[in-house]
Amino acid sequence: MDREEIREAVLAIIADIAPDEDFDSLKDDEPLRDQLGLDSMDFLDIVMELRKQHKVEVPEDDYKELISLTSTVNYLEGKM
Amino acid sequence: MTIDIYLACPEEITDSALLALYENLLSADEVARMKRFRFPQHRQQHLVTRALARAVLSQYADVPPECWVFTQNEYGRPEVAGPVVPEVKFNLTHTDGLVACAVGKAEQIGIDAENLDRRLAQGELLELAERYFAPSECAALRKLPAEKRRERFFAYWTLKESYIKARGRGISLPLGKFAFDLDSGDSIGISIEPELDDTPAGWHFSRWQEGEAHRLALAVHHPGGEMKIDKRWFTPLIS
């Protein structure tokens with residue numbers, strides 16, 4: 001997957017978890033948790049879906065890489 | 001040792017003049033963070049949570065609410081940086097319809113609140129548990145009739161969150177490496193794998209509900225003695 005495809009795949013997972021969200025004004029470099037009001041349970045749900053849908057395992061030590069959309073795409077590039 | 005719990009319902013604080021006063025209490029960083037939230041209910045939760053922390057801490061030290069300076073540890077937990085270090089520790093939680101602040105003279109405090117009606121279907125709850133909880137917790141969940149699993153899931157979840165928050169580590173601490181036992185009488189037991197560098201000694205846990213929807217748990221590390229909990233509803237700058 002290229003960066004744009006990874007971005008779309010991540011947004012698709014978030015859209016399932018937070019279906020009311022509108023992503024048009026989402027800022028890629030700002031924390032996803034703050035912008036969307038996501039909490040720990042939402043975050044672990046996203047990590048679980050990455051594993052189920054894209055076979056990507058994110059260990060606890062790497063959770064900090066998934067702060068913003070940009071940092072998430074950077075982390076997942078080459079893994080998906 | 002007594003832990004004071006201050007509870008507020010952000011949705012019920014609608015006086016715009018009072019909300020403006022809350023915003024004046026916040027630091028520039030806290031206001032910037034509030035503005036990042038895209039939805040009014042999240043901004044309101046953040047505003048009331050931060051105002052609550054400031055007003056509550058001012059009950060324990062001679063510092064006006066707007067003068068507290070906060071920092072975050074490397075895992076994002078808010079801590080007091082000044083102007084004085086209070087004798088008490090504190091921890092915050094928020095969920096739809098409820099914010100809470102736990103305060104007390106203990107070594108470590110963590111609190112978590114969840115709304116039972118939050119998004120996530122029954123199947124997904126069990127899936128999350130199987131993925132992240134300890135094997136003994138998953139086995140206990142599977143043994144329960146389906147209609148009792150949601151309640152038990154949130155009991156484990158809030159206890160686990162309160163423990164990792166008290167440890168100051170958040171979800172970087174693997175949730176499957178420690179397990180709560182809720183099936184051996186009234187007390188809440190915990191077992192902790194050695195790699196987490198901790199033992200059950202000195203830990204006190206409690207869980208309760210507020211209204212129909214909210215479940216809360218508290219984790220306190222303080223060697224010796226019993227833990228008492230003193231809860232009250234609190235409107236910052238009014239109560």
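Residue numbers start from 1 in every chain, and the chains themselves are labelled A, B, ... in the order their sequence lines are given, proteins ahead of strands.
Between B:R142 and B:E130 there is a salt bridge, since a side-chain N of the basic residue sits under 4.0 Å from a carboxylate O of the acidic one. Salt bridge status for B:K177 with B:E195: present, with a side-chain N to carboxylate O gap under 4.0 Å. Using a 4.0 Å cut-off between a side-chain N of Lys or Arg and a carboxylate O of Asp or Glu, B:E151 and B:R149 do not qualify as a salt bridge.
Within the 4.5 Å cutoff, the side chain of B:Q108 has no heavy atoms near those of the B:V220 side chain.
Using non-hydrogen atoms only and a strict 4.5 Å limit, the part of residues 161-171 of chain B facing chain A consists of B:E161, B:I171. Residues of residues 40-48 of chain A that come within less than 4.5 angstrom of chain B, heavy atom to heavy atom, are A:S40, A:M41, A:D42, A:F43, A:L44, A:D45, A:V47, A:M48 in numerical order. Residues of residues 54-80 of chain A lying under 4.5 angstrom from chain B, judged on non-hydrogen atoms, are A:E57, A:E60, A:Y63 in numerical order.
Judged purely by distance below 3.5 Å, without hydrogens or angles, the side chains of B:D96 and B:Q45 pair a donor atom with an acceptor atom.
When heavy atoms are compared at a cutoff of 4.5 Å, B:R131 approaches chain A solely by way of its side chain, counted from C-beta outward. Residue contact with chain B, scored on non-hydrogen atoms closer than 4.5 Å, involves the backbone and the side chain of A:D34 alike. For B:E114, the part lying under 4.5 angstrom from a heavy atom of chain A is the side chain only.
The salt bridge (Lys or Arg N to Asp or Glu O under 4.0 Å) test applied to A:E49 returns A:K52, not counting sequence neighbours.
Here the side chain of B:K160 pairs a donor or acceptor atom with the backbone of B:L175 at under 3.5 angstrom. No side-chain donor-acceptor contact under 3.5 Å links A:E30 to the backbone of A:K27. Between the side chain of B:E137 and the main chain of B:A134, a donor-acceptor pair closer than 3.5 Å is present.
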Next item on the list: Applying side chain to side chain contact (heavy atoms under 4.5 Å, CB included), run through B:I3 and B:I111 and close with a yes or a no.
Entry: CA-CA 11 Å; B:I3 304 297; B:I111 187 168; over 6 Å; no
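Screening B:D112, B:T158, B:V99 against B:T93 for a side-chain contact (heavy atoms from CB on, under 4.5 Å) leaves a single residue, B:D112.
For the set B:R36, B:K35, B:R33, B:M34, the entry with the most heavy-atom pairs within less than 4.5 Å of chain A is B:R36.
B:F37 and B:H46 have tilted rings, their planes meeting at an angle from 30° to 60° on a 0 to 90° scale. Relative ring orientation between B:F178 and B:F180 is described as perpendicular, the plane-to-plane angle rising above 60° on a 0-90° scale split at 30° and 60°.
Remark: B:E212 CD is loosely packed, at most 12 non-hydrogen atoms of other residues, nucleotides or ligands lying under 6.0 Å away.
For B:F205 and B:W203, the distance between ring centers is under 6.0 angstrom.
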